[in-house]
Each structure stands twice: as C-alpha cells, then as structure tokens.
Amino acid sequence: MAGFLIFGQDPIQIMEKKQIGFELTIFNNIEELSQTEQKLLTDAEKARENAYSPYSNFKVGAAVLLENGEVVIGNNQENSSYPSGLCAERVAVFQAGAIYPGVTIKTIAISATSKDYVVDKPAGPCGNCRQSIIEYEQKQKSPISILLRGEVGPIYKCDSMAHILPLAFSSSFLSDS
Ligand code: THU
C-alpha cells in the first residue's frame, strides 16, 4: 500500500518561529516615577475608592492622562446581571473619549484593591479593556503607556498597549484598503 509518510525521516520544515517580547519597567517605590506619573497613579488610587463592586469586592481605579493635561478617571461599576457591569479602564477611556473627543491619550494608570485580601501585585487589564484601549492607540497613531499597581507592591510600566496585546485586531481588517 502506498503511503505518504516515511517513518524515520523528518517532515519538510516550512514553518517559522518568532519570539515576541516587550520591555516592562518595574519600580519598587512610587517616588521612582516622574511627578506626573506619581500624580496619575494617586488619581487612580483615589478613583478606586468609588468603585461599585458589591459582587466581587474587588475595586479598580483608572486615571487617563490626556495630551491637553486633563486627567479623566474611572472605576469598575458592577451589576447584579454580571456581564452588564464595566471595568474601570473602559469607564475611564470611554469617558475621556466622550468629554475630550480626539484628544490623544498619553498614559493610563490602573490600581486595584480587594476587601478580602491585600493585592500586592499589579493587576493587568482584562482582554476586553486591552482591546478597547488599543482602539485609541491605533486611532491616534501614538502609544499609550500603562502604569499598574496593586494596593501595595511593585509598579509595572509598559510603553504601549500593543506590547501587551500582540497580534491585536484592528479596523484594518474590516476592509482591504
Ligand atoms: N475589573 C476591572 O475593573 N478591570 C480589569 O481589567 C479587570 C477586572 C473589575 C471587573 C469586576 O468589577 C471586578 O474587577 C472583578 O472582576
């Protein structure tokens, strides 16, 4: 019987493998950040306190810094019908888009706490928030840097949403132009 596989012989290798990485800056103390970044993170921490999160007991605050110097905040807003709630990051960037349409977003700071335990490591934005934020990055054609912190512990900074959402979907896929 004729066969297509010859055992003991390697198949023809046509694939290519690529490593995709990004640079993460880790600060162990808020004083290591620039004054502007320190204030933005503090704004996110303050915003966090007004989160409405009776179901998860997890509070997230976000503060968005715009090119015009304005800071727009958001926090997570939960709902008894769970999927109807919204994350802090999207509340913040959508609010920024609503109040300051077309103004470039420079940075988003995100801070998280829990009623149940001490959040001692940065909580990265969920996939939906990454996609929502990268929409603005693609639209404005400039990177949005991200500052992350739990309640205590290290601060993570990355320089672009594209770094933490590789192979992202974009409007370029919606037409061939
Ligand atoms: N949450 C955020 O606000 N941002 C994220 O990126 C992840 C999760 C909120 C949603 C929900 O209110 C709670 O945290 C627990 O998932």
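For this chain, numbers begin at 1 and follow the sequence in order.
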Determine whether [X] and [Y] fall in the same hydrophobic cluster, where Ile, Leu, Val, Met, Phe, Trp and Tyr are linked whenever their side-chain heavy atoms lie under 4.5 Å apart.
X	Y	answer
V72	I144	yes
I73	I30	no
F22	L147	no
F27	L41	yes
I133	L24	yes

### Message
Please evaluate residues E23 and H163 with respect to the criterion side-chain contact (heavy atoms from CB on, under 4.5 Å), reporting the C-alpha separation (whole Å), side-chain torsions for both, the decisive distance (0.1 Å), and the verdict.
### Response
CA-CA 8 Å; E23 197 172 81; H163 294 176; 5.9 Å; no
Below 4.5 Å, heavy atoms only, C-beta onward: do [X] and [Y] meet side chain to side chain?
X	Y	answer
L174	F169	yes
V103	Q140	no
P125	L148	yes
I110	I146	yes
V93	I105	yes
K157	E37	yes
S145	K106	no
L65	T36	yes

Heavy atoms only: give me the nearest [X]-[Y] pair and the separation to one decimal.
X	Y	answer
Q38	L33	NE2-O, 3.0 Å
A96	V64	CB-CG1, 4.3 Å
R149	P154	CG-O, 3.6 Å
A112	A123	CB-CB, 4.1 Å
V91	G74	CG1-CA, 3.8 Å
S160	E137	OG-OE1, 2.9 Å

What distance do [X] atom [atom1] and [Y] atom [atom2] have between them, rounded to the nearest 0.5 Å?
X	Y	atom1	atom2	result
S170	L165	OG	CG	10.5 Å
I108	Y136	CD1	OH	10.5 Å
C129	I164	SG	CD1	10.5 Å
E32	T25	CD	OG1	11.0 Å
S53	N79	OG	CG	13.0 Å
L40	S34	CG	OG	9.0 Å

### V152/V119 under side-chain contact (heavy atoms from CB on, under 4.5 Å): CA gap, chis, key distance, verdict
CA-CA 7 Å; V152 294; V119 180; over 6 Å; no
### Query
Which ring pair (Phe, Tyr, Trp, His ring centres under 6.0 Å) pairs, counting each pair once, include a residue from residues 53-107, with sequence neighbours left out?
Y55-Y82
### Task
Please lay out, stage by stage, how T104 and S142 fare under the test side-chain contact (heavy atoms from CB on, under 4.5 Å).
CA-CA 8 Å; T104 295; S142 66; 3.6 Å; yes
#### Entry: Side-chain H-bond candidate by donor/acceptor type, Q77 with N75, under 3.5 Å
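The answer is yes; a qualifying pair exists.
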### Modelled atom types, side-chain donor and acceptor of S56 and E78, under 3.5 Å
yes
### Message
What verdict does the side-chain contact (heavy atoms from CB on, under 4.5 Å) test give for Q131 and I134, after you've listed the backbone C-alpha separation in whole Å, the side-chain angles of each residue and the deciding distance to 0.1 Å?
### Response
CA-CA 5 Å; Q131 183 64 37; I134 208 167; 4.1 Å; yes
### Query
Is the shortest distance from a Lys or Arg side-chain nitrogen in E151 or R48 to a carboxylate oxygen in the other one below 4.0 Å?
no
